[in-house]
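Before any comments, here is the structure.
Note that this is a predicted model, so its numbers are computed, not measured. Order of the sequence lines fixes the chain letters, A, B, ..., with proteins taken first and strands second; residue numbering starts at 1 for each chain.
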Amino acid sequence: MIGGLFLYNHKGEVLISRIYRDDIGRNACDAFRVNVIHARQHVRSPVTNIARTSFFHTKRGNIWLCAVTKQNVNAVMVFEFLMKMIDVMQSYFGKINEENIKNNFVLIYELLDEVLDFGYPQKTDTGILKTFITQQGIKTQIETLVNGAKTKEETTQITSQVTGQIGWRREGIKYRRNELFLDVLESVNLLMSPQGQVLSAHVAGRVVMKSFLSGMPECKFGMNDKLVLDKGNKTNDELSKNSSGGKPSIAIDDCTFHQCVKLSKFESERSISFIPADGEFELMRYRTTKDISLPFRVIPLVRDIARSKMEVKVVLKSNFKPTLLAQKIEIRIPTPLNTSGVQVLCMKGKAKYKASENAIVWKMKRMAGMKESQISAEIELLPTAEKKKWSRPPISMNFEVPFAPSGLKVRYLKVFEPKLNYNDHDVIKWVRYIGKSGLYETRC
Amino acid sequence: MPTVSSRGDAMRGLAVFISDIRNCKSKEAESKRINKELANIRSKFKGDKTLDGYSKKKYVCKLLFIFLLGHDIDFGHMEAVNLLSSNKYTEKQIGYLFISVLVSSNSDLMKLIIQNIKNDISSPKPVHVNLALHCIANIGSVEMSEAFGQEVPKLLVSAHASASVKQSAALCLLRLIRTLPEAMTYAEWASRVIHLLNDQHMWLTAATSLIHTLSQLSPGDYKGCVSLAVSRLSRIVTSTYTDLQDYTYYFVPAPWLSVKLLRLLQCYPVPEEPAVRGRLVECLETILNKCQEPPKSKKVQHSNSKNAVLFEAINLIIHIDSEPNLLVRACNQLGQFLQHRETNLRYLALESMCLLAGSEFSADAVKKHRETVINALKTERDVSVRQRAVDLLYAMCDKTNSEEIVAEMLAYLKKADYAIREEMVLKVAILSEKYASDYTWYVDTILKLIRVAGDYVSEEVWHRVIQIVINRDDAQGYAAKTVFENLQAPACHENMVKVGGYILGEFGNLIAGDERSSPLVQFNLLHSKFHLCTPSTRALLLSTYIKFINLFPEIKPTIQNVLQNNNQLRNADVELQQRALEYSQLSSITSQDVLATVLEEMPPFPERESSILAKLKKKKPASVQVSLVGCFMCKDHATMSVLLNHIPVWVSLTPYLSPTFASVQVNYYIISTNASSNYTIVLFQQCLYMDAFDDVLTLPADLGESPSTESTEHANRPFMFKNSGVLFENALIQVGVKCEFKEQYGRVGLFFGNKTGNQLQNFAAAVSLGPEHQGKINVATQKEPPSQIDGGAQVQHFINLECISMFSGSPNLQLRYQHSSAPQQVTLKLPVIINKFMEGVDMNSGDFFSRWKQLGQPTQETQKIFQARHPIDTEAARTKLTGFGMCALTNVDPNPENLVGSGIIKTKTSQIGCLLRLEPNKQAKMYRLTVRSSVGEAAALICSMLEEHF
């Protein structure tokens, strides 16, 4: 279990130090500073083992978060917790930076008392935490906040709710307008050979729900997952009618759900039904590796012209419906370490040689589907003392597209609220798809 | 002096860059800034624009800075080299700096750089010469030594070079000499270099360093520097001279120079001429006097430099070692330092005192400080100082104070640091042995030592106790008693159990009269420890038990019970199993008489150097002293003859340790019952020798024969491949041999050891040549052995041989002697075989085969095909062939499995060339051996000799 948690600023000064177990000494935070933050070689591994103590760290901006333990813990659990902790802090006081952390010392320590007990993670849901840690975070912009004192009734209610069966939703929520938002957020990861062969590709996706529903509604979520559909075909006639329309189904490799989803029902009936948490939460997370529609294709062409000159040509093809528009496109072409000058020529967008990053960066605001664009660059090289071969790092790119590259579709989301008298039709539902690039690389 | 550039040397760009880097908040930001700067410099160095010297210098500076931050720089070298040809000092300086830091010594640019340095060295401007010299010294590669090994000395002795250039040249030369001493020729400028000591200038210190190194390399050439150094030293030390007053450092005149001069003087023996010597002594006295004066300054620099000179002077005094007055004074001075506040001073004082304790003049003076040193041992906080204190105590120990010192060391051992414990244990063991006037004290001390620091007591220490106890009749009873008492402690160390087991096994009867230590009590006490010990100790204890059976027949059933216990008889450890089985058989089958002879008390050990001392020496590789025991341990064949003296000790200890002993002993005793106990040991020794020399362990087949006449045909075989070992051994005598062969001459050394306690009379050894050897070998006895050999003594006998022509077999050696008036005769084969006169000849494949073909006649070739006696192993066969005297040739035969050798047998009349091919067939496990020789007989002989060995 987690023995302690430290927060450092970029210089390695300790901002927050909370120790949960006696096996972690005060000197542990120095060990991490010396061996990781101030290490001569950049430490790439997120897990570092120093003197039989494991340090799990992640970095947000200039802040280092580090969990420490002497035991053999589940590393994924620790990182999951660190991410949650970051989410929680962000929702309390906005951006995580040194100033905000210094301003919210008391709040952070209070949060740390709550989210970990003797090193075991407890409730990390922002919504729930906000019901009993009512301190408002101090944001950099000063806001006046009204903080009403809670009555005794309310506190007992909180206790019963937090300890009750449905810990993520309190009773008696009322909205004038029942509304819900579904976001399907995906990130595509790709590694492609120069010849256009896919070496590895996968999509990591999340379904985020924002619900503003009254009472204790029960929801049912449907998507075009192969397993769900197959199951549906056998049992449910109604569903089979819908799916028989020839809509493609997708194969999800693995998925995880928010705690509100009834797993027993998922296991037995393959249906995702749940009582949603109030406000924003992540309904599910999934990963697919098959039949990914890659939004972009990068075709590199690198040629050595002379000993001190080389030419790079990159063709970019968009590979989706012409009616859709991709945004925030950025292509990063690495240059050799002995580059002494670069001339760039591109048809569309802006391209620039960034010496500080040793790369040519080509940016386009938007690009429609089924289009093609090209950049060519001439790179001058300086003769070097030793003939070291350039490692040729891959060309990477960033983008955002308004569809799910995995092919996932939301088929329905039904809301039932038997006690309050509103119907599934009365609920206003919004669905949005965003596909982003993860590590989208092509070797050259 | 440096010319100031018109644009100033500020290099604002560099300053801005450095401050940018320092302001970076994270590593990423820093590497971004550096990448940007590198790209900028690359675009500037592109080549289409010409840069002026200033910007070139600036960018090279930036590159240097980036490099020193830890990033790789792989360009800009050319620009740096260009800077060298600039005329401005600052630009040159940066260029040289970049080159000394960044350019690797195998770079392509090295030639260009050397050319530039050559230009600068011959430049009229001294600053340029200096820069070049610094660069040479900084690179200091072999290439530099070769290029400038001749130039730099010229500068050093040139008439018009300035002092600063000479200083640089001296230091540069020093560096080059250290890199490549052989590139220099010293003799030609030796005298001129020596006279540099007469110079008035500050660079003397540098010159002295140089002369110091040179005089270590070739002491003869620089002998003249002694008197000059002495006079220089006296000028510094005596205040009447003022020529070096400018170099006073915190009221100490030229401390560095003084230290270097004193060190230089330590390279040479004491000057002969009385005048010089007197002056030197006077100087040293003055230095010692100065230390008595009150300090002129409270600054630490003052005392440090004063002490530095003093310690170096003391080192010189120790080196001279013939001035009692000075030695005693030095010792007193050091005594004051022993209580100084400064830890470093205390350390140095202890270290120097260690050396002083070794000198006969100052040893007594050192002893006065015993109390202080003991105190230091107890109270000192720094472990290294404590270690020195231990060393000093060891060095100052003698008969008068040994008891106290050993007691103190033992007391300290309890809380001593782990790092120095083992060494301390050895020291205590040595001191207590060396100065023991009373062996009860010695036994007490060692037992206490084992009790206090059992883990650190090595094998040698407890072996030594046993040796001494066995050799001293007066200590045996006491030892048995104390050991018994010590064993009664509830937890005692395993080493204690070993000592206890051995001593009680030997002398348990001496204390058995007492009720409290009756045989059964003794046995039960030992056996209570049995289960807690490691197998080697258990094995020793089993030997003790069988000895008990002999000593105390009344407890025989109890012991037999233990021996026949399944825990022993079916022990997983083969050694224990074997001992238990054989001992129980021995005790049940044989009669009491036999038992008594077999298990007789161990004979006394011959006196020899303490093995502990050897071990201590081994721990300190600095004192290279090849002790006999050191050789003994290394098991080298060549030193085996030396070993002969020491084997009995080893062997008589080994019964308690070695795996094979028990079985041999018992086997023998079951066969023959009339031999003396010594003979078992002899037998065992033979086995042991076989073990040490050969892989095969064979027992002589004629075990039951009467030992009065014996022959040693079987023993001659191993000597075909080696030149020393034990030729023969029986109950009475041991014959060791060591031979040397060179061309046709041979020298055989024979060592006859009397193993009995009585004198061997009418001893005679003669080489007899049979008819087959007459005229083929000349024998001359160089040194006749005496006709009597005292009990336990050893005599030598040397024989010179000359091989006239080829012979087969080997000559005989007749031994005659009388033991207790019974005449004995032994005929031995001398290990003089024809192959001893063979020398290997290395040749290549072409040579070999052309000669092979020349010897193509059927009479010149012998071929044999035979079954392999040993597993086919090319490496082993190669080793054998080399041992045989041939040169095993590589890369001759196309098949690497085949072995090819060549050699020449050198006799007085002829030289016989022999070529050999050995072709193994691994499937059939057969060999085909072909030998061709210019003389057919030789081929046949060699073939038959070698046949048996593959």
d(B:K36 NZ, A:E357 CD) to nearest 0.5 Å is 11.0 Å
Checking B:N40 against chain A: side chain, backbone, both or neither under 4.5 Å from a heavy atom?
neither
Would you mind listing every salt bridge (charged side-chain N to carboxylate O under 4.0 Å, His left out) that reaches into residues 92-104 of chain B, with sequence neighbours excluded?
B:K92-B:D120
For A:E330, the side-chain hydrogen bond (donor to acceptor under 3.5 Å, both in side chains) test, sequence neighbours excluded, returns A:R332
Which heavy atom of A:A355 sits nearest to which heavy atom of B:A39, and what is that distance?
CB-CB, 3.1 Å
With a 4.5 angstrom heavy-atom cut-off, could you sort out which part of A:A359 is near chain B: side chain, backbone, both or neither?
neither
Is the number of heavy atoms from other residues, nucleotides or ligands within 6.0 Å of CZ (B:R421) greater than 12?
yes
Listed partners of A:T335 passing side-chain contact (heavy atoms from CB on, under 4.5 Å), at least two apart
A:T339, A:Y353, A:N358, A:I360, A:I379
Which of residues 44-65 of chain A get closer than 4.5 angstrom to chain B, counting heavy atoms alone?
A:K59, A:N62
What's the shortest heavy-atom distance between A:G341 and B:K46, and which atoms?
CA-NZ, 4.2 Å
Enter the distance from A:K11:NZ to B:K25:NZ here, rounded to the nearest 0.5 Å.
6.5 Å
side-chain contact (heavy atoms from CB on, under 4.5 Å) for B:F45 and A:L382? Distances and angles first, verdict last.
CA-CA 8 Å; B:F45 282 175; A:L382 198 74; 4.2 Å; yes
With a 4.5 angstrom heavy-atom cut-off, is it the side chain or the backbone of B:E28 that approaches chain A, or both, or neither?
side chain
Are the side chain of B:R42 and the backbone N or O of A:L337 linked by a donor-acceptor pair below 3.5 Å?
yes
